[in-house]
Amino acid sequence: MKAKPVVPREQAQQDVEDALTYYMAEDAEAAALGFIDALEQAYAHIGRHPATGSPRYAHELNLPGLRSWPLTRYPYLVFYVERSDHVDVWRVLQGQRDIPAWMQDPEAI
């Protein structure tokens, strides 16, 4: 089976930038590089196996098709929807956040 392209939305890209800014502010360059590596692995996985993500938040938020996949060794979740020709990444959020509030109101901090 051929992997689908993984296409992060602008908000997902901003989430990644925010996480990297946080790690760099903590002077944790190794953590920032590890985060990028973990994110690339997660994107590769959901591109090959989009149905393996958890549908938990789809039910909670009433967003059919929404799935999440955790990053290895980092407290972040990739939220995405499988499309016919690609994987649509909506957000990359820290798991301890109020996920429903963040997904419904991307401007909420």
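Atoms CZ and CG, on Arg56 and Leu66 in that order, are 11.5 Å from each other to the nearest 0.5 Å. The CD atom of Gln14 sits 9.5 Å away from the CZ atom of Arg91 when rounded to the nearest 0.5 Å. Note that the CG atom of Leu61 and the NE2 atom of His59 stand 11.0 Å from one another [nearest 0.5 Å]. Here the NE2 atom belonging to His45 is positioned 3.0 Å from the OG1 atom belonging to Thr52, to the nearest 0.5 angstrom. With rounding to the nearest 0.5 Å, the separation of CG in Leu93 from CG in Asp15 is 5.0 Å. To the nearest 0.5 Å, atom CD1 of residue Ile36 and atom CG of residue Leu20 are 4.0 Å apart.
For the pair Asp88 and Val7, the minimum side-chain heavy-atom distance is 4.5 Å or more. By the 4.5 Å heavy-atom criterion applied to side chains, Val6 and His86 are not counted as neighbours.
The number of heavy-atom neighbours closer than 6.0 Å to CG of Asp85, taken from other residues, nucleotides and ligands shown, is above 12. The number of heavy-atom neighbours closer than 6.0 Å to CZ of Arg73, taken from other residues, nucleotides and ligands shown, is 12 or below. The 12-atom threshold is not exceeded at CD of Glu29, counting heavy atoms of other residues, nucleotides or ligands nearer than 6.0 Å.
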(request) Could you go through the side-chain contact (heavy atoms from CB on, under 4.5 Å) check for Tyr74 and Tyr23 one step at a time? (result) CA-CA 11 Å; Tyr74 288 84; Tyr23 286 121; 3.2 Å; yes
(message) For a salt bridge (charged side-chain N to carboxylate O under 4.0 Å, His left out) check, start with the C-alpha distance between Arg67 and Glu82, then their side-chain angles and the critical distance, and finish with the verdict.
(response) CA-CA 8 Å; Arg67 293 187 176 271; Glu82 181 181 8; 6.0 Å; no
(request) Apply side-chain contact (heavy atoms from CB on, under 4.5 Å) to the pair Tyr43 and Leu39, showing each step before the final yes or no. (result) CA-CA 6 Å; Tyr43 282 1; Leu39 184 66; 3.7 Å; yes
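Linking ILVMFWY residues whenever their side-chain heavy atoms come closer than 4.5 Å, directly or via other members, leaves Val81 and Val92 in distinct clusters.
Residue Ala32 comes nearest to Met24 through the heavy atom pair CB-SD, 3.7 Å, listed as atom of the first residue, atom of the second, then distance. Nearest heavy-atom pair across Ala42 and Leu71 is CB-CD1, 4.0 Å. Nearest heavy-atom pair, Ile46 versus Val78, reported as atom, atom and distance to 0.1 Å: CD1-CG1, 3.9 Å. Here the closest heavy-atom approach between residue Gln13 and residue Pro8 is recorded as CG-CB, 3.9 Å. Across all non-hydrogen atoms, the minimal contact from Ala58 to Gly65 is CB-N, 4.4 Å. When all heavy atoms of Thr72 and Ala38 are compared, the closest pair comes out as O-CB, 3.6 Å.
Partner Tyr57 forms a ring-ring contact (aromatic ring centres under 6.0 Å, His included) with one of Trp69, Trp90, Phe79 and no other, that one being Phe79.
Relative orientation of the Tyr76 and Phe35 rings is perpendicular, given thresholds of 30° and 60° on the angle between their planes.
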